[in-house]
**Student:** 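Before we start, here is the structure in question, set down as C-alpha cells.
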There are 2 protein chains.
Amino acid sequence: MLEAKLAEAAILKRLLDAIKELVADANFECNEEGIHLQAMDNSHVALVSVKLDESGFKSYRCDRPMPLGVNLNSLTKVLKCAKDDDLCILKATDDADILSLTYEARNSDRIAEYDMKLMDIDSDKLGIPDTDYDARVTMPSVEFGRIVRDLSQLGESVRIEVSKEGVRFFTEGEAANGNILLKQTEAVGKVTTNGSASGSQKKKAKKEDGEDNDDDDDVQEVEKDGDEEDEDEDGDKKKVKKEKKKKVKKEGEDVEMDDDEDAEFKADEEEGEEEVDDEEESSSKKRKRAPAKDTKKKSKKAKKSDDDDELPEGIRIEMNQHVNLTFSLKYLVNFAKSSSLSNIVQLMLSNDVPLLVSYEFGQGHIRYYLAPKIGDE
Amino acid sequence: MLEAKLAEAAILKRLLDAIKELVADANFECNEEGIHLQAMDNSHVALVSVKLDESGFKSYRCDRPMPLGVNLNSLTKVLKCAKDDDLCILKATDDADILSLTYEARNSDRIAEYDMKLMDIDSDKLGIPDTDYDARVTMPSVEFGRIVRDLSQLGESVRIEVSKEGVRFFTEGEAANGNILLKQTEAVGKVTTNGSASGSQKKKAKKEDGEDNDDDDDVQEVEKDGDEEDEDEDGDKKKVKKEKKKKVKKEGEDVEMDDDEDAEFKADEEEGEEEVDDEEESSSKKRKRAPAKDTKKKSKKAKKSDDDDELPEGIRIEMNQHVNLTFSLKYLVNFAKSSSLSNIVQLMLSNDVPLLVSYEFGQGHIRYYLAPKIGDE
DNA sequence: CTCTGAGTAC
DNA sequence: GTACTCAGAG
C-alpha cells in the first residue's frame with residue numbers, strides 16, 4: 001500500500017494545474033523512491049515527466065511498486081477541495097482501484113477525505129535517453145512564460161537560437177514578426193547570485209547580463225552597476241541592494257539539478273542550491289509581475305527542505321555549440337504553467353533533438369520534452 | 001408612511017447580493033417592528049426570510065403596515081449607487097408605489113436620492129412552523145461556504161449527518177466521493193464563551209462546548225468552562241454579563257431568532273446578542289482564520305454598532321438526536337452568499353423537515369429553508 | 001490605501 | 001471562457 005503525507009496540498013494543486021491541460025489520464029507510478037508520472041500529451045507530441053521524491057514528503061511509505069491510473073481532471077477537482085496549507089495524505093491499497101486523499105486543516109478541526117476511482121491505463125512509458133545538450137538556458141520561469149505568451153499572440157511557432165550572442169526567440173506572424181534576445185546576465189561583481197557557473201562551465205557560455213527586470217533578487221551587499229549599454233543595468237542594481245542578509249549560494253554547486261543531465265552543465269546547478277540563511281525572510285516577497293525578476297526565493301531551495309528558494313533572477317546561458325530549433329508555441333505556453341512551481345526554468349537544447357524544459361522544486365521536478373518542428377511545417 | 005434610516009448602505013447591498021439570484025421580486029413588509037421579506041425562490045424549492053429589526057435602524061418610523069413590492073434586480077442597481085458607508089434612508093408614502101432611497105455621505109457633502117417604482121406582488125406568505133430542531137451546527141460562515149462550494153464540484157447533493165462524532169458532509173460524484181468531518185472545537189480552558197444554551201433547551205441537547213472559538217464572546221469576567229457535556233447553562237450566563245451598556249437584547253431573548261424556532265435552541269441565541277461595551281472598537285477586527293481560538297474578543301459588538309462580529313471561530317455542535325438529511329448543493333451554495341452578512345452561520349436540522357440555514361447580523365437576520373431530498377432523487 | 005487573488009456573472 | 005466585482009493581504 002501507499003501512504004504518502006505531503007506537508008502542503010498546494011504542491012499537488014500546482015502540479016495538476018501545470019499538466020491537466022496537456023494530459024487527460026496518467027499513471028502515477030509509486031515505488032519506494034517516490035512518485036513518478038510520465039505521459040505523452042493528448043496529441044502525442046510532447047512528453048511530461050514529473051517526479052516527487054520520497055524525501056519531499058513528510059512521511060512516505062510504499063510497500064511495493066504500484067501504478068495508480070488517474071484521471072487528471074477528476075484529481076484536479078478533488079484537489080480544489082483542499083486548502084493550500086492543508087496537510088495532504090495520499091493513500092491507496094494494494095489493489096489500487098481507489099486513491100484516497102485526506103486533507104487535514106492545520107488545526108485539525110476539519111478533516112476531509114475524498115475517494116477517487118482509479119483506472120487502468122496502459123502506460124507506454126518510453127525511456128528518455130540521456131542527452132548531452134548543446135545548450136542550456138536558465139532563466140526566471142515567469143520570464144519564459146511571458147516570452148512564449150507574447151510570441152504566441154503573433155505566430156504559431158518560435159525559433160529558438162542560442163549563439164554566442166545569447167538566446168533569441170523568433171516568431172513570424174501575419175500581423176507582425178517578433179524576436180526577443182536574452183543576453184546572459186552580467187555577473188555581478190560579487191555577490192551576484194546567479195553569477196556564473198562555477199568552474200565547471202565548460203564551453204564558452206557567455207553571461208552578460210541583460211535583463212532589466214526589476215528584480216528583487218537577493219543579491220547581497222555587493223553592488224553592481226550595470227549600465228552598460230542598454231538594458232539591464234538597473235535590473236541588477238536593485239537586486240544588489242536587497243539582499244542584506246542572505247548569505248547566498250555560492251558553494252552549493254552540484255547539488256541541484258543534476259539528475260538527468262550530467263556533466264555537461266552540471267556546474268551551474270548550484271544556483272538552485274543556494275540556501276538562504278535562516279533569517280532570510282527578508283525582502284524576498286515580491287515576485288509578482290516584474291518581468292524578469294522575481295525574487296521570490298522560493299523555488300528550489302534545496303530539494304529537501306520544504307521550501308526553497310533559488311536565485312530569483314538573471315539569465316544564464318551555457319552552450320557548447322550553436323543551436324537553432326523551431327517549436328510549437330502552443331506547447332511552450334502550456335509548459336510555462338509550471339511557473340508556479342519554481343522561479344527558475346531551464347531550457348536544454350541540441351539540434352534535432354527534443355527540447356527539454358525543466359522546473360525543479362523542493363519536492364521534485366517537472367520536465368517537458370518537445371520535438372522540434374522540421375522544415376517549415 | 002415609512003421612513004427608515006440605516007447607518008450603512010452596505011447592509012442592504014449585501015442583503016441584496018445574497019438573495020437576488022434566488023428571488024426576482026418580493027414584498028418588503030414594513031410595519032412598526034421593522035421590515036420583513038419572505039419569498040420562495042424562483043423555482044419554489046427554497047424559502048428565504050429576511051428580517052431587519054426596527055431596532056437595527058438609526059431611526060425608524062412606519063405608521064401602518066405596508067407591503068412594498070420590489071423588483072430585486074432594480075433595487076440591486078439602485079443600491080450599487082450607494083457607497084458602503086453611506087447613510088441610507090428608505091422612504092415610502094402610504095400609497096406605496098414608490099420607494100425612495102437617499103444616500104448621504106458620511107460628511108454629508110453628497111446626498112443622492114433614487115426613486116424606484118414599486119409593483120404589486122401577491123405574497124403567498126406561508127407560515128413557517130416553529131420547529132424544535134434536533135441538531136444545530138454553528139460554524140464560521142466562510143467555512144460553510146467553502147464546504148458546499150467544494151462539494152458542489154463533485155456532486156449534486158450533499159448528505160449532512162450530525163452525530164456524536166461531529167457533523168459530516170458527504171457527497172457522491174462521478175469522479176470521486178468526498179466527505180468532510182467537522183468536529184466541535186475543543187473548548188478552551190475557560191473563558192470559553194459559547195457555553196451552552198441556556199435553560200430552554202429542552203431536548204437532550206448536548207452541548208459540549210467545544211468551540212474553541214475565540215470567542216470573543218462577550219463573556220465577561222466570568223469564566224465558564226463549558227465542558228460539561230451537555231447542557232447549557234452557560235448560555236445564559238454569558239449574556240447576562242455582557243450587557244453593559246446596551247440596552248439590547250438581553251431581554252430580548254426572544255428577539256433573536258426566535259421567530260421560527262423556539263424553545264429548542266433559543267437560549268443560544270444570545271450569542272448574537274452580546275454587546276460589547278462602548279469602547280469596543282477594540283480589536284475586533286480579526287476574526288479571520290484562526291482555527292479556533294484566538295482571543296480576540298471583539299466580536300459582536302452589538303447589533304447596533306456597525307459591525308458585529310461574532311465569535312470568529314470554532315464550530316459548535318448541539319444535538320438531541322442523530323440526523324441524516326440530503327440536500328441540493330446548488331441551493332446551499334446560493335445560501336452561502338450570505339457570508340458577507342455574518343461571520344457565523346447556524347444550520348438547524350431535524351430529520352424529514354426542511355433545513356434552516358440562518359445568518360444573524362446586527363440589524364436582523366437572513367434565513368433560508370430548504371426541504372431535504374427524499375430517497376435517491 | 002493599493003495590489004492580488006478568488007468567486008460570480010455574462 | 002472571459003470579464004467584472006468583492007474580499008483579503010501587504
Side-chain angles (χ1 to χ4, degrees), chain A residues 8-10 13-14 16-17 20-21 73 76-77 79-86 106 142 145-146 149 152-153 214 216 242 280-291 293-298 330 333-334 337 339-340 343, chain B residues 8-24 41-42 72-86 106 140-153 283-291 294 296 306-309 312-313 329-345 359 361:
Chain A
E8 297 193 330
K13 296 176 75 164
R14 294 193 205 119
L16 267 290
D17 281 345
K20 67 167 193 283
E21 297 298 324
N73 213 348
T76 299
K77 283 183 181 171
L79 285 169
K80 287 214 197 281
C81 300
K83 295 176 73 171
D84 277 3
D85 60 350
D86 280 351
R106 282 295 176 85
V142 295
R146 175 70 197 246
R149 262 183 283 111
S152 70
Q153 295 198 119
D214 336 314
D216 15 16
K242 26 215 36 209
E280 72 304 46
E281 277 298 282
S282 51
S283 54
S284 47
K285 242 46 179 317
K286 65 272 293 343
R287 59 325 217 352
K288 262 53 176 328
R289 44 146 7 138
K293 55 303 315 24
D294 42 29
T295 325
K296 207 98 257 290
K297 54 205 36 215
K298 104 174 348 120
K330 170 184 155 198
V333 167
N334 251 310
K337 289 182 181 162
S339 296
S340 57
N343 295 317
Chain B
E8 298 192 328
I11 304 293
L12 265 185
K13 297 176 72 165
R14 293 191 205 123
L15 212 39
L16 268 289
D17 282 344
I19 63 176
K20 68 166 195 284
E21 297 297 324
L22 228 36
V23 181
D41 86 290
N42 298 331
L72 299 188
N73 212 352
S74 301
L75 180 55
T76 299
K77 285 181 182 169
V78 172
L79 284 169
K80 288 214 202 277
C81 302
K83 295 180 67 176
D84 278 3
D85 60 351
D86 280 352
R106 280 294 177 87
S141 55
V142 293
E143 176 143 32
F144 175 64
R146 173 73 200 242
I147 289 169
V148 296
R149 261 184 284 112
D150 280 354
L151 296 183
S152 71
Q153 293 196 125
S283 53
S284 46
K285 242 43 180 318
K286 62 252 312 325
R287 55 327 222 355
K288 263 56 172 330
R289 44 144 7 133
D294 9 254
K296 328 346 266 318
D306 22 7
D307 59 66
D308 24 280
D309 291 46
E313 195 26 46
L329 279 163
K330 171 184 155 197
Y331 288 96
L332 298 182
V333 167
N334 251 310
F335 299 168
K337 289 180 183 163
S338 291
S339 297
S340 57
L341 287 160
S342 173
N343 296 317
I344 298 291
V345 62
Y359 296 83
F361 49 94

**Student:** Applying side chain to side chain contact (heavy atoms under 4.5 Å, CB included), can you list everything that pairs with A:K80, at least two apart in sequence or on another chain?
**Tutor:** A:T76, B:Q153
**Student:** For the side chain of B:S152 and the backbone of B:L329, is there at least one donor-acceptor N/O pair under 3.5 Å apart?
**Tutor:** no
**Student:** Rounding to a whole Å, what distance do you find between A:R14:CZ and C:dG5:P?
**Tutor:** 12 Å
**Student:** Which residues satisfy the salt bridge (charged side-chain N to carboxylate O under 4.0 Å, His left out) test with B:D41, sequence neighbours excluded?
**Tutor:** none
**Student:** State, with a plain yes or no, whether a side-chain heavy atom of B:E8 is found less than 4.5 Å away from one of B:R106.
**Tutor:** yes
**Student:** What is the separation between atom CG on A:D85 and atom C1' on D:dG8, rounded to the nearest whole Å?
**Tutor:** 15 Å
**Student:** Would you say NZ of B:K20 has more than 12 non-hydrogen atoms from neighbouring residues, nucleotides or ligands within 6.0 angstrom?
**Tutor:** yes
**Student:** Pull out every protein N or O sitting under 3.5 Å from an N or O of nucleotides 4-6 of chain D, one pair per line with the distance.
**Tutor:**
none

**Student:** Grab the N/O contacts between the protein and nucleotides 8-10 of chain C below 3.5 Å, and write none if there aren't any.
**Tutor:**
{"residue": "C:dA9", "atom": "OP1", "partner": "B:E21", "partner atom": "OE2", "Å": "3.3"}
{"residue": "C:dA9", "atom": "OP1", "partner": "B:K337", "partner atom": "NZ", "Å": "3.0"}

**Student:** To the nearest angstrom, how far is B:K83 atom NZ from C:dC1 atom P?
**Tutor:** 10 Å
**Student:** Figure out the CZ/P separation between B:F335 and C:dG7, and round it to whole Å.
**Tutor:** 20 Å
**Student:** Salt bridge (charged side-chain N to carboxylate O under 4.0 Å, His left out) with B:D86: which residues, sequence neighbours excluded?
**Tutor:** B:R110
**Student:** Got B:L15 and B:F361 here, is their nearest side-chain heavy-atom distance under 4.5 Å?
**Tutor:** yes
**Student:** Of all residues at least two apart in sequence or in a different chain, which pass the salt bridge (charged side-chain N to carboxylate O under 4.0 Å, His left out) check with A:K337?
**Tutor:** none
